Peer 1: 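Questions regarding the structure given below will be posed in turn.
These numbers come from the heavy atoms of this one structure, side chains and all, not from hydrogens, waters or symmetry mates. Chain letters run A, B, ... following the sequence lines, proteins first, then strands; residues in each count from 1. On a predicted model such as this, the values are computed, not experimentally measured, just so you know.
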Amino acid sequence: MKSISICNPKSISATIAFALQSLLQFHHQCHPTPLQSHSPNTLLDEFTASCYRKDLPAAMKALSFMQKHQIWADSVTYSELIKCCLARGAIQEAKLVHKHVFSNGYNPKTFLINTLMNMYAKFNLLNEAQELFDEMPERNVVSWTTMIGAFSNAKMNDKAMEFLILMIRNGIRPNMFTYSSVLGSCNGLPILKQIHCSITKAGLESDVYVRSALIGKYSKWGELQNALTTFNEMETSDLIVWNTIIGAFAQNNNGDEALNLFKRMKKSGFMSDQATLTSVLRAVTGMALLELGRQVHVHVLKYNNQDLILGNALLDMYCKCGSMEDARFEFTKMVEKDVISWSTMINGLAQNGFSHEALKMFQTMEASGSKPNYITMVGILFACSHAGLVEKGRFYFEKMESIYGIKPGREHYGCMVDLLGRAGQLNEAVKLIHTMEPGPDVVTWRTLLSACGMHRDTGLAAYAANRVLELDPEDSGTYSLLSNIYANTQRWEDVEKVRKTMRGKNVKKEPGCSWIEVNKEIHAFIVRDDSHPEIEKIMREVNCYVKRLREVGYVHDTSFVLQDVEGEQMEDPLLCHSEKLAIVYGLMVLVKGKTIRIRKNIRICGDCHLFAKLLAKMENRNIVIRDPIRYHHFQGGVCSCGDYW
DNA sequence: GTAGGGTTAG
């Protein structure tokens, strides 16, 4: 036997306890519990001891003797044994126990039947659970709650709701367990509010489980105000409730509030865990704040530098902040990689304009034995589409089901529509849309619309735009796009018609906005908004740069202007595009050599794209712009998108 | 005996 060294006197008792436990385990391994005696009392003692010791083989052996001799233990012991079976995934053994306690001569208590039901539910054997429920003589709140939880986990939402109503009709009052279970099945805001009312009436609102379930559900329906109110009304909270509320804002694209809550959480004395940090990373990622992201990275390192989920979240953060160098570095450092790690990198590379590297990485992934999933294939097709690799894209699309077993979904069709559309094969793209299995959605039509704009096919564009507006009549972007397309072909009457419709429906064009991070502060530039304290100076600088760039061949690309004006007048709106202000501000305040990183809410226009390319060369500065769909890395007069976006 | 939070997509 190994000697045990004791370094810290304080831990002597713990060490002795550990040694005794090890000795006991060692003894059991060498001398499995003998079953020589068949006297009922000894057998029962042996069975009970095995159950509490969680020695499943010994307990099962004793059970078979007990079955033969019709000897019974108490319901608590059987319940312990079933829990042990559940913990070890021993379904067959659990079924034997079930058979035993239901054989003639024994009357299982309600809580034992509940334990059995719960066990079946956790093993996804809902029919078995329901059979027990249907036949049990007495059902208490736990019996009903167990079934509701089982249906909720299986996403059988209607069934869970039906059981809630039935239990109330049967005179059983739901408790906090019932409500936190049933909340998982609230598939609509009205029902959620109704349940919330019942919770309040029952005085169960203060339970942390119920609260986090409520907050989580409000968040799922985008009801952040309700989520926050529910959170703020809470007197006591725990780490999970904090994580829920932070996650709610992070997932609903309100990174700012998520970060505020994170600060509040730390002030309240809570320590972050894996879930907190993943949400915080997601918040940072959504806002593309690289410097802040690096700060959170330090927190991650302190927590656990080998955590797979956090590693994946970090990869995504660096990709979405447009820093592929960091993403690549982190990726190679990861000790463990899963399909999400690979997919994040493949999608990140593709979106950042490194399509060929993305495809290469896919080969490495396959060679490593990792199997692609639905999202990996989205990345592959996206890479093909943005690199103009029509044949390769077709190949993967046509073979993805037979080779990888992945049925093409809307997103894959979307990439193919994009691929064909970009390559000018608009008719092929339309044909594909009409044959797609899941049916086109707003995004599909918007993709086609974008391709029509690229190839100036106004007839098809109008068709696609109308399909988009049928599905989303509030979509200001589509009205603008359609209006742009008409403007490009000098169809001013049609431009006016579109605007009239917009006015009629009171649809406002989303103003362009660009953000830049300077000294951990975010500076926002919004079109026609002069609230930035240095706006006048910035505008003067923009004009200065435009003049200097003209000398090296910069001519305004006016084809993106959404206005019925010509000549000099036309240039003004372009001058105040938010990304130009943000780029120039970056040049003014960031140290020389530092990459200028900008995130914007609408897609970059051709004029700003050219401006950034020429400026990157003239000032010898790297510029990265992230728009809602993809990234542009400007360096030495070229862009990673190859002017193809 | 029954309950709550986090990572990859156009």
Peer 1: If you look at every strand shown and take non-hydrogen atoms under 4.0 Å, does A:D441 touch a base, only sugar-phosphate, or nothing?
Peer 2: base

Peer 1: Remember a base hit wins even if backbone is also touched, and classify A:S212 as base, sugar-phosphate or nothing at under 4.0 Å, heavy atoms.
Peer 2: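 The residue A:S212 makes base contact.
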
Peer 1: Roughly how many Å is it from CD1 in A:I148 to P in B:dG4, rounded to a whole number?
Peer 2: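 Distance, rounded to whole Å: 13 Å.
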
Peer 1: Checking the side chain of A:D338 only, and the main-chain atoms of A:I340 only, is there a donor and an acceptor separated by less than 3.5 Å?
Peer 2: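 Side chain of A:D338 to backbone of A:I340, a donor-acceptor pair under 3.5 Å: yes, one is there.
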
Peer 1: Across the strands shown, which category fits A:K337 at heavy-atom distances under 4.0 angstrom: base, sugar-phosphate, nothing?
Peer 2: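 Nothing, no nucleic acid heavy atom in range.
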
Peer 1: Report the distance from atom CE of A:M345 to atom C1' of B:dA9, rounded to the nearest whole Å.
Peer 2: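 After rounding, the reported distance stands at 16 Å.
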
Peer 1: Under 4.0 Å, heavy atoms only, any strand: does A:T344 hit a base, just the sugar-phosphate, or nothing?
Peer 2: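 Contact class for A:T344: sugar-phosphate only.
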
Peer 1: Choose from B:dT2, B:dT7, B:dG4 the nucleotide whose nearest atom is closest to any side-chain atom of A:N312.
Peer 2: B:dT7

Peer 1: Send over the distance from A:K217 NZ to B:dA3 C1', rounded to a whole Å.
Peer 2: 14 Å

Peer 1: Using a heavy-atom cut-off of under 4.0 Å over every strand shown, decide if A:K320 touches base, sugar-phosphate, or nothing.
Peer 2: sugar-phosphate

Peer 1: May I ask you to verify if any side-chain N or O of A:N347 is less than 4.0 angstrom from the OP1 or OP2 atom of B:dA9?
Peer 2: no

Peer 1: Taking 4.0 Å as the cut-off, does a side-chain nitrogen or oxygen of A:R211 come that near to OP1 or OP2 on B:dG4?
Peer 2: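 No.
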
Peer 1: If you check the A:S181 side chain, which of B:dT8, B:dA3, B:dG4 turns out closest?
Peer 2: B:dA3

Peer 1: Base, sugar-phosphate or nothing for A:T115? Non-hydrogen atoms, less than 4.0 Å.
Peer 2: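 Here A:T115 touches the backbone only, sparing every base.
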
Peer 1: Closest approach of A:A451 and A:L426, non-hydrogen atoms and distance?
Peer 2: CB-CD2, 3.8 Å

Peer 1: Check the angle between the aromatic planes of A:H196 and A:Y218 and answer parallel, tilted or perpendicular using the 30° and 60° thresholds.
Peer 2: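 Judged by the thresholds at 30° and 60°, the geometry between A:H196 and A:Y218 is tilted.
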
Peer 1: Nearest to the A:V142 side chain among B:dT8, B:dT2, B:dA3, which nucleotide is it?
Peer 2: B:dT2

Peer 1: Between B:dA9, B:dT7, B:dT2, which nucleotide has the shortest distance from any of its atoms to the side chain of A:N175?
Peer 2: B:dT2

Peer 1: If you count the non-hydrogen atoms of other residues, nucleotides and ligands that lie under 6.0 Å from CD in A:E437, is the total more than 12?
Peer 2: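 Open.
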
Peer 1: Please report the distance, rounded to the nearest Å, between NZ in A:K122 and C1' in B:dT2.
Peer 2: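 Those two atoms, NZ and C1', are 8 Å apart.
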
Peer 1: Under 4.0 angstrom, heavy atoms only, what part of the nucleic acid is A:D338 near: base, sugar-phosphate, or nothing?
Peer 2: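 Nothing: the residue A:D338, judged by heavy atoms under 4.0 Å, touches no strand.
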
Peer 1: Among the candidates B:dT7, B:dA3, B:dA9, find the nucleotide nearest to the side-chain atoms of A:F177.
Peer 2: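 The listed nucleotide nearest to A:F177's side chain is B:dA3.
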
Peer 1: Name the closest nucleotide to the A:I375 side chain, picking from B:dT8, B:dT7, B:dG4.
Peer 2: B:dT8

Peer 1: Remember a base hit wins even if backbone is also touched, and classify A:V208 as base, sugar-phosphate or nothing at under 4.0 Å, heavy atoms.
Peer 2: base

Peer 1: Applying a 4.0 Å non-hydrogen cut-off, can you work out what A:V241 is touching in the nucleic acid: base, sugar-phosphate, or nothing?
Peer 2: base

Peer 1: From CZ of A:F163 over to P of B:dT2, roughly how many Å is that when rounded to an integer?
Peer 2: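 Result: 18 Å.
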
Peer 1: When the distance from CD of A:Q130 to C1' of B:dT2 is rounded to whole Å, what number comes out?
Peer 2: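 Rounded to whole Å, this separation is 16 Å.
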
Peer 1: I'd like to know if the side chain of A:N352 reaches the main chain of A:Y631, judged simply by a donor and an acceptor atom lying under 3.5 Å from each other, with no hydrogens or angles considered.
Peer 2: no

Peer 1: Mind checking if A:R410 touches a base, just sugar-phosphate, or nothing, with heavy atoms under 4.0 Å?
Peer 2: nothing

Peer 1: Given atom CE of A:M176 and atom P of B:dG4, what is their separation to the nearest angstrom?
Peer 2: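 Result: 14 Å.
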
Peer 1: State whether A:E470 and A:R467 are salt-bridged, where the test is any N-O pair (Lys NZ or Arg NE/NH1/NH2 against Asp/Glu carboxylate O) under 4.0 Å.
Peer 2: yes

Peer 1: Nearest whole angstrom, please: distance from the C1' of B:dT2 to the CG of A:D207.
Peer 2: 12 Å

Peer 1: Using a heavy-atom cut-off of under 4.0 Å over every strand shown, decide if A:F382 touches base, sugar-phosphate, or nothing.
Peer 2: sugar-phosphate

Peer 1: Do the side chain of A:H412 and the main chain of A:Y374 share a donor and acceptor less than 3.5 angstrom apart?
Peer 2: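 Answer holds: yes.
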
